[in-house]
Amino acid sequence: DGGITQSPKYLFRKEGQNVTLSCEQNLNHDAMYWYRQDPGQGLRLIYYSQIVNDFQKGDIAEGYSVSREKKESFPLTVTSAQKNPTAFYLCASSMGQANGYTFGSGTRLTVV
Amino acid sequence: SQQGEEDPQALSIQEGENATMNCSYKTSINNLQWYRQNSGRGLVHLILIRSNEREKHSGRLRVTLDTSKKSSSLLITASRAADTASYFCATYPSKGGKLIFGQGTELSVKP
């Protein structure tokens, strides 16, 4: 079955540490996205990529970095520069930006 | 700035009743989409309605779009406890760019 997989489901980060969240899709979608969701809030776009080896900043890119070396993969690194990283992170993909998105099941990141 | 705003923020109904959620937006759109999110899970795409469409159905879901009022509604008929979730509208602007999500409506269906 085609789908989008995020790992890990839960992640704990110490102060000053970088962590990487994985996102893999086998839907042959060109576009991929990373969103952050805080409790009771909507989704805020961190980064998106419309094609391999290209990505764009979203609304809240500071303190985050991404890469898109393969069509299937779009990992997100939460750097130590992100001062308030505790949140639920969602990865999504789509055939094009005007189409419906397929979401992963999310990674919950907590700073300890 | 948020493009889509859902109303109400929270809705509690009994099983079997209908649930109506509304979404308003500010700029012209190419399409509007509705998503469902169960607690602690990812979003699931429910339905996409294009700017030249007025109504769309999918099972117990009915979506309407009024571009003159810049608003949409999602109707869930004969609700079930399993419909308990947050529902988000998302708009794709006419000028392109990116999909913009609203804050969501939290629906609780009591058995």
Side-chain angles (χ1 to χ4, degrees), chain A residues 2-11 21-25 27 29-50 54-61 87-110, chain B residues 1-11 21 23-25 28-53 56 58 61 63 74 85-108:
Chain A
I4 183 165
T5 302
Q6 288 188 243
S7 63
K9 190 171 177 65
Y10 300 96
L11 187 56
L21 284 60
S22 170
C23 179
E24 303 275 334
Q25 54 99 1
L27 299 164
H29 284 170
D30 290 315
M32 296 187 75
Y33 316 85
W34 274 106
Y35 287 90
R36 170 181 171 139
Q37 187 177 34
D38 293 285
Q41 301 288 315
L43 279 65
R44 291 187 289 169
L45 183 64
I46 304 172
Y47 268 99
Y48 64 103
S49 168
Q50 298 181 65
D54 185 53
F55 48 82
Q56 310 294 330
K57 291 183 179 180
D59 300 316
I60 55 165
F88 190 49
Y89 290 86
L90 287 160
C91 180
S93 69
S94 70
M95 189 57 76
Q97 289 198 81
N99 298 319
Y101 288 12
T102 301
F103 280 82
S105 56
T107 292
R108 189 166 299 281
L109 174 62
T110 304
Chain B
S1 62
Q2 284 292 46
Q3 167 76 318
E5 294 185 4
E6 285 95 338
D7 170 59
Q9 288 189 326
L11 180 61
M21 288 158 270
C23 172
S24 60
Y25 58 92
S28 64
I29 61 170
N30 174 286
N31 67 66
L32 185 145
Q33 303 174 29
W34 285 92
Y35 290 80
R36 183 188 75 233
Q37 183 181 33
N38 290 90
S39 183
R41 307 296 299 272
L43 278 70
V44 174
H45 182 258
L46 296 176
I47 202 161
L48 181 153
I49 186 165
R50 302 191 191 284
S51 60
N52 61 353
E53 297 175 310
K56 223 169 175 180
S58 177
L61 306 181
V63 169
L74 170 67
S86 292
Y87 291 82
F88 293 88
C89 73
T91 51
Y92 187 72
S94 299
K95 62 179 183 177
K98 50 192 187 289
L99 198 60
I100 304 171
F101 287 83
Q103 302 280 16
T105 291
E106 195 172 323
L107 173 65
S108 174

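In what follows, chains carry the letters A, B, and so on, assigned in the order in which the sequence lines appear, proteins first and then strands, with residues in each chain numbered from 1. Computed from heavy atoms alone, side chains included, the values below leave out hydrogens, waters and symmetry copies. Keep in mind it's a predicted model, so treat the numbers as computed, not measured.
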Counting heavy-atom pairs under 4.5 Å to chain B, which of A:Gly104, A:Gly106, A:Ala98 comes out on top? A:Ala98
Could you look at A:Leu45 and say if it's the side chain, the backbone, both or neither that has a heavy atom under 4.5 Å from chain B? side chain
Give the table of side-chain donor-acceptor pairs shorter than 3.5 Å for residues 39-52 of chain B, with sequence neighbours excluded, one pair per line with atom names and distance.
none

For B:Gln37, is it the side chain, the backbone, both or neither that has a heavy atom under 4.5 Å from a heavy atom of chain A? side chain
Would you sort out whether A:Gln56 and B:Lys98 count as a side chain to side chain contact (heavy atoms under 4.5 Å, CB included), showing the intermediate values? CA-CA 11 Å; A:Gln56 310 294 330; B:Lys98 50 192 187 289; over 6 Å; no
How long is the straight-line distance from OH of A:Tyr35 back to CZ of B:Phe101, given to the nearest 0.5 Å? 4.5 Å
Heavy-atom distance under 4.5 Å to chain B: side chain of A:Phe88, backbone, both or neither? side chain
Closest heavy-atom pair, A:Phe103 versus B:Tyr35, reported as atoms and distance to 0.1 Å, is CE1-CE2, 3.8 Å
Need one label for A:Gln6: side chain, backbone, both or neither, based on atoms under 4.5 Å from any heavy atom in chain B. neither
If I measure from the heavy atoms of chain B, does A:Arg108 come under 4.5 Å with its side chain, its backbone, both, or neither? side chain
Interatomic distance, B:Gln103 atom CD to A:Leu43 atom CG [nearest 0.5 angstrom]: 9.5 Å
Side chain, backbone, both or neither: which part of A:Tyr48 has a non-hydrogen atom closer than 4.5 Å to chain B? side chain
